[in-house]
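Notes for the one structure printed next.
A quick note: this is a predicted structure, and the numbers were derived from the prediction, not measured. Order of the sequence lines sets the chain letters (A, B, ...), proteins ahead of strands, with each chain counted from 1.
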Amino acid sequence: MSIRVRSTNPTDDEAREALQGRPAEEHVPSHNITKPEGEPAFSISDLNFWYGTKQALTNVGLDIPRKKVTALIGPSGCGKSTLLRCLNRMNDLIPGVTIEGNVRYRSADIYGPGVDPVEVRRRIGMVFQKPNPFPKSIYENVAFGARVNGFRGNLDDLVEGSLQRAALWDEVKGDLKQSGLALSGGQQQRLCIARALANNPDVILMDEPCSALDPIATLKIEDLIRELSTDYTIVVVTHNMQQAARVSDYTAFMLTDEEITGQLIEYAPTEMMFTQPGDQRTEDYISGRFG
Amino acid sequence: MALANTTDSTGLSHQMRKRPFRRPGENLIMVALVLCAAVSIATTFAIVFVLFADAIGFFREVSFWHFFNFANDWQTLFDPRSFGVWELVAGTVNVTLWSMVIALPLGLAAAIYLSEYAHPQTRRFLKPLLELLAGVPTVVYAYFALTFISDDILLPLFGENISFFNSLSASVMLAVMILPTIASVSEDAMASVPRDLREAAYGLGATRLEVAFRVVFPAAISGIMAAILLAIARVIGETMIVAVAAGSTPNLTLWPHESIQTMTGYMLQVALGDAARGTTDYTSLFAVGALLFVMTFALNVAAQIIVRRFREAYE
Amino acid sequence: MSFVEATPDAITLRAEGRVARRQAWSRASRWILLGATGVGLVVLVILGIDNAIVGIPSLDWDFLSSYPSRKAEIAGIRSSIFGSVWVLVFTVAFAIPVAVGSAIWMEEFAPQNAILTTVRLNIANLAGVPSIIYGILGLAVFVRLMELGPSILAGALTLALMILPMTVITSVEAINQVPPSIREGSLALGATRWQTVWYHVLPGAMPGIMTGTILAVARAAGETAALIMIGAFTFIAFDPALSFSGLLDSFTTLPIQVYNWTLRPQTEFRANAAAGIIVLMIAVIGLNALALVVRDRLRQS
Ligand SMILES: Nc1ncnc2c1ncn2[C@@H]1O[C@H](COP(=O)(O)OP(=O)(O)O)[C@@H](O)[C@H]1O
Ligand SMILES: [Mg+2]
């Protein structure tokens with residue numbers, strides 16, 4: 001595995017300096033980063049991330065609340081996907097990345113020694129930007145996770161339950177044998193959600209789940225996200241601010257500027273963020289002045 | 001000059017292509033270029049003509065039915081001579097079967113390793129090394145098959161139970177020879193499986209092994225089929241290894257320990273002898289050659305069709 | 001059924017039970033697959049070492065400079081080296097102009113119609129034709145019809161046809177990699193299309209064409225079956241004449257000589273074959289390495 005994980009301790013600053021060619025930023029906790037109430041699902045601190053030598057996240061720190069919808073917004077390329085993929089170790093799969101800092105999930109260090117990325121991903125499901133069903137039947141798509149894990153229960157029930165939970169059952173129950181690729185884009189995305197739900201995760205990460213869909217399919221997915229939030233912790237990346245406003249409880253605004261790549265500018269309850277942003281740049285962004 | 005007025009793209013380059021040539025000498029150059037391109041077409045026609053013209057001569061002497069009758073031996077050395085081609089086909093199928101039994105697991109494992117496991121740098125280093133196996137002259141493999149595999153390993157190991165010339169020794173070296181074909185073409189097919197699918201599977205908590213075998217392999221299966229067909233075509237057409245190591249006794253068997261003769265082995269044997277032009281021995285060379293040509297052609301065309309379908313599916 | 005169980009709050013994310021087993025398999029599979037990938041290479045290395053042990057004692061100047069002989073101790077590869085070099089020189093001389101000409105026509109001048117598609121498909125199929133079939137073609141056309149006999153000329157023509165598809169394919173790729181902007185720039189300056197091709201496209205494609213050519217030569221250098229088909233399996237104890245009539249001399253090549261010695265039942269010849277293989281492999285690996293070097297130069301520029 002070509003991933004280098006470092007924990008934050010003072011001696012590492014030298015290495016970091018060497019890598020970046022400039023002194024490490026001091027982590028200044030911003031007053032615009034709200035701490036949600038209750039035990040967080042994720043607790044992220046001092047997170048830095050590099051693709052090779054190119055930094056993509058700088059000193060990101062926030063707590064993501066449990067059983068709520070948290071939206072990550074910001075202009076394209078600001079590091080939203082990178083941050084999201086740090087939460088279930090999907091970035092481990094990219095050769096030559098370096099992750100530094102602390103990501104805790106329910107107080108367990110996700111990058112801690114002995115932690116198994118497969119176990120992490122099993123508990124923290126993911127839905128991608130472009131619907132990506134396997135070229136298999138609807139049934140096999142939903143059953144995939146259970147099959148690889150040697151699920152012992154009733155597979156038919158699991159498939160049906162997951163499809164119902166993803167609001168797809170009524171549309172496909174007649175023909176579970178048809179290819180997942182034969183469905184419409186919106187249906188495919190709901191199939192991908194059902195597939196993730198069948199793994200019985202605690203968290204679902206969604207990376208711009210509606211960006212490839214038409215408005216009606218988008219609305220369906222948004223309704224589904226709201227509904228799922230009663231049982232699951234959901235983190236959703238979007239560059240659509242209306243969508244963030246509609247579906248999320250908390251919103252994080254990220255930005256890459258000339259000096260610092262992938263920084264977290266502001267994090268607050270969604271309503272507050274959209275009514276009284278605490279940072280000028282947030283205000284500029286949500287009022288459509290750039291991005 | 002009509003050739004220059006292409007019917008393709010519009011715009012700038014189209015207008016430029018219509019620009020007349022300035023120098024009359026360039027007409028001559030165009031003719032030369034067209035002639036160059038015609039060489040390959042002419043080669044195909046020549047191959048077909050040469051093979052089938054003399055094959056027809058053969059079938060004037062030996063009936064089609066006799067040639068393709070399962071009951072007939074391939075016995076050309078003494079009377080009564082008999083030309084039942086199945087014994088030669090069986091020899092070819094024999095080495096193909098056993099070389100595939102060896103090469104398929106290894107080649108596909110290599111493809112999966114290179115595509116799903118290896119670090120890009122490891123792959124850059126390992127792939128050309130593996131492809132070197134395909135660059136070794138087959139006469140070298142032929143020598144290895146006879147002296148090292150058969151003489152030094154198989155004979156001491158199996159003693160009386162295996163003949164000195166045997167299909168297994170040839171198959172082992174044929175397998176080494178086609179490993180890179182299987183590995184390389186399958187790896188290309190797996191590499192063109194969209195990243196999306198891998199991420200979907202990893203995101204569901206699949207291990208690398210599960211992603212490779214349950215997602216990437218099935219998604220690339222048609223490309224892998226094409227790799228196998230190409231490999232089979234190469235084995236069928238390979239001459240030196242089988243001529244040296246597999247024997248020269250036509251034999252309707254699929255056992256690996258027996259001495260056999262393949263179609264190519266027979267053809268080389270005729271060439272080494274001095275069959276007079278026009279004799280049945282001489283024309284049988286062309287009949288067997290025509291059959292070989294048809295078989296490899298069919299396999300190559302099938303592989304190309306599969307590859308094209310596969311590309312369309314993912315591009 | 002319930003989807004969200006109440007989970008205890010403190011969790012470890014360690015692999016346990018089934019997940020641990022699956023991961024163990026997955027980790028093991030890396031080494032198993034790597035092992036399988038290496039099998040072919042290991043076999044080749046073992047055979048190479050074994051072969052070196054058998055062959056090196058025979059490999060001396062006498063071996064390189066003697067003609068073949070009935071006696072294994074004094075037999076050498078002089079005439080096979082001459083034959084191989086001569087045949088390959090003419091193979092390249094015939095194949096490369098035709099291959100590059102075809103590629104230029106296909107990429108730069110051909111009408112985009114069924115004719116071009118046919119030419120493309122035809123070349124793809126010719127690339128899959130077994131070498132022994134090219135040998136039959138050479139036998140029927142060059143040796144018999146054109147009455148060249150089993151000569152250097154007939155051998156070179158046969159091998160040229162054999163490597164033609166491969167060299168056309170690599171030349172086409174090389175020409176394709178020349179950016180269109182170079183063509184447009186040249187055409188915009190008023191050059192004719194042929195001038196553009198000659199002064200701009202071809203020089204840009206040259207490293208790629210050379211890489212392909214070297215690899216094709218490596219393949220032709222090891223070819224045996226096609227040359228035996230045209231009747232080159234003969235005893236040669238003279239150097240080829242450096243004249244046009246010398247082109248009509250019969251010849252032998254290194255792989256043919258190795259084949260010859262392989263067939264001899266006497267074990268002394270086994271050492272000769274092994275020594276011949278060492279020379280042949282040095283040539284083939286050298287050509288492959290050369291091709292890699294040329295390709296890297298191409299990447300750099
Ligand atoms: N696999 C990768 N390799 C190198 N750089 C990458 C990779 N993925 C993303 N990046 C870079 O990292 C930065 C953040 O990307 P990303 O997290 O995808 O942004 P967002 O999702 O906000 O659009 C971008 O500049 C992007 O070019
Ligand atoms: Mg993104």
Side chain from CB out, backbone as N, CA, C, O: work out which of these in [X] comes under 4.5 Å of a heavy atom of chain C, or both, or neither.
| X | answer |
| --- | --- |
| B:Ala46 | both |
| B:Leu285 | both |
| B:Thr264 | both |
| B:Phe45 | neither |
| B:Val301 | both |
| B:Leu35 | neither |
| B:Leu129 | both |
| B:Ile41 | both |
| B:Leu146 | side chain |
| B:Val176 | side chain |
| B:Leu268 | both |
| B:Asp54 | neither |
| B:Phe144 | side chain |

Using a 3.5 Å distance criterion without hydrogens, assess whether the side chain of B:Asn300 forms a donor-acceptor pair with backbone atoms of C:Asn125. no
Separation of [Y] [atom2] from [X] [atom1] (nearest 0.5 Å):
| X | Y | atom1 | atom2 | value |
| --- | --- | --- | --- | --- |
| C:Phe109 | B:Leu33 | CZ | CG | 6.0 Å |
| C:Thr262 | B:Tyr143 | OG1 | OH | 6.5 Å |
| B:Met263 | C:Ile132 | CE | CD1 | 10.5 Å |
| C:Leu263 | B:Leu272 | CG | CG | 7.5 Å |
| B:Phe49 | C:Leu137 | CZ | CG | 11.5 Å |

Other residues, nucleotides, ligands: >12 heavy atoms within 6.0 Å of C:Leu121 CG: yes
Quick check: are there more than 12 heavy atoms from other residues, nucleotides or ligands sitting under 6.0 Å from CZ of B:Phe164?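 Counting neighbours around CZ of B:Phe164, more than 12 heavy atoms of other residues, nucleotides or ligands fall under 6.0 Å, so yes.
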Tell me, side chain or backbone of [X] under 4.5 Å from chain B's heavy atoms, or both, or neither?
| X | answer |
| --- | --- |
| C:Pro180 | neither |
| C:Val54 | side chain |
| C:Ala124 | both |
| C:Leu139 | side chain |
| C:Val119 | both |
| C:Leu41 | both |

Between [Y] and [X], do the side chains contain a donor N or O and an acceptor N or O under 3.5 Å apart?
| X | Y | value |
| --- | --- | --- |
| B:Tyr117 | C:Ser29 | yes |
| B:Glu131 | C:Asn288 | no |
| B:Glu210 | C:Ser26 | no |

With side chain to side chain contact (heavy atoms under 4.5 Å, CB included) as the test, would you mind laying out the steps for C:Arg30 and B:Leu209 before giving the verdict? CA-CA 8 Å; C:Arg30 167 181 292 271; B:Leu209 178 68; over 6 Å; no
Side-chain contact test, heavy atoms from C-beta onward, threshold under 4.5 Å: evaluate it for [X] versus [Y] and give yes or no.
| X | Y | result |
| --- | --- | --- |
| C:Leu33 | B:Glu116 | no |
| B:Phe297 | C:Val129 | no |
| C:Leu254 | B:Val139 | no |
| B:Val136 | C:Val284 | no |
| C:Tyr259 | B:Val244 | yes |
| B:Thr239 | C:Met229 | no |
| C:Leu44 | B:Tyr141 | yes |

[X] versus [Y], closest heavy-atom pair with distance:
| X | Y | answer |
| --- | --- | --- |
| C:Arg22 | B:Ala206 | NH2-CA, 3.8 Å |
| C:Ser102 | B:Cys36 | OG-O, 3.1 Å |
| C:Gly128 | B:Thr296 | O-CB, 4.3 Å |
| B:Ser40 | C:Ile123 | OG-CG1, 3.7 Å |
| C:Ile133 | B:Gly289 | CD1-O, 3.5 Å |
| C:Thr37 | B:Leu130 | O-CD1, 3.8 Å |

Name the option with the most non-hydrogen atom pairs under 4.5 Å to chain C; the candidates are B:Ile47, B:Leu179, B:Leu230, B:Ile112.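 Most heavy-atom pairs within the cutoff with chain C belong to B:Ile47.
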Output the option from B:Val50, B:Val172, B:Thr138, B:Asp151 having the highest count of non-hydrogen pairs under 4.5 Å with chain C.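 The answer is B:Val50.
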Heavy-atom pairs under 4.5 Å with chain B - which of [options] has more of them than the others?
| options | value |
| --- | --- |
| C:Leu161, C:Leu164, C:Asp50, C:Val39 | C:Asp50 |
| C:Arg144, C:Gln23, C:Arg270 | C:Arg270 |
| C:Gly222, C:Gly276, C:Pro130 | C:Pro130 |
| C:Arg27, C:Met281, C:Met106 | C:Met281 |
| C:Ile256, C:Leu145, C:Leu280, C:Leu126 | C:Leu126 |
| C:Ala226, C:Ala225, C:Ala103 | C:Ala225 |

Could you walk me through whether B:Val140 and C:Asn51 pass the side chain to side chain contact (heavy atoms under 4.5 Å, CB included) check? CA-CA 10 Å; B:Val140 175; C:Asn51 186 69; over 6 Å; no
Look at B:Arg124 together with C:Asp296 and state whether they make a salt bridge at an N to O cut-off of under 4.0 Å. no
For the pair B:Glu26 and C:Gln195, evaluate side chain to side chain contact (heavy atoms under 4.5 Å, CB included) and give the outcome as yes or no after the intermediate values. CA-CA 9 Å; B:Glu26 294 192 352; C:Gln195 285 169 334; 4.0 Å; yes
Which is it for B:Phe286 and C:Ile136 under the side chain to side chain contact (heavy atoms under 4.5 Å, CB included) test, yes or no, and what are the steps along the way? CA-CA 8 Å; B:Phe286 294 84; C:Ile136 294 193; 3.3 Å; yes
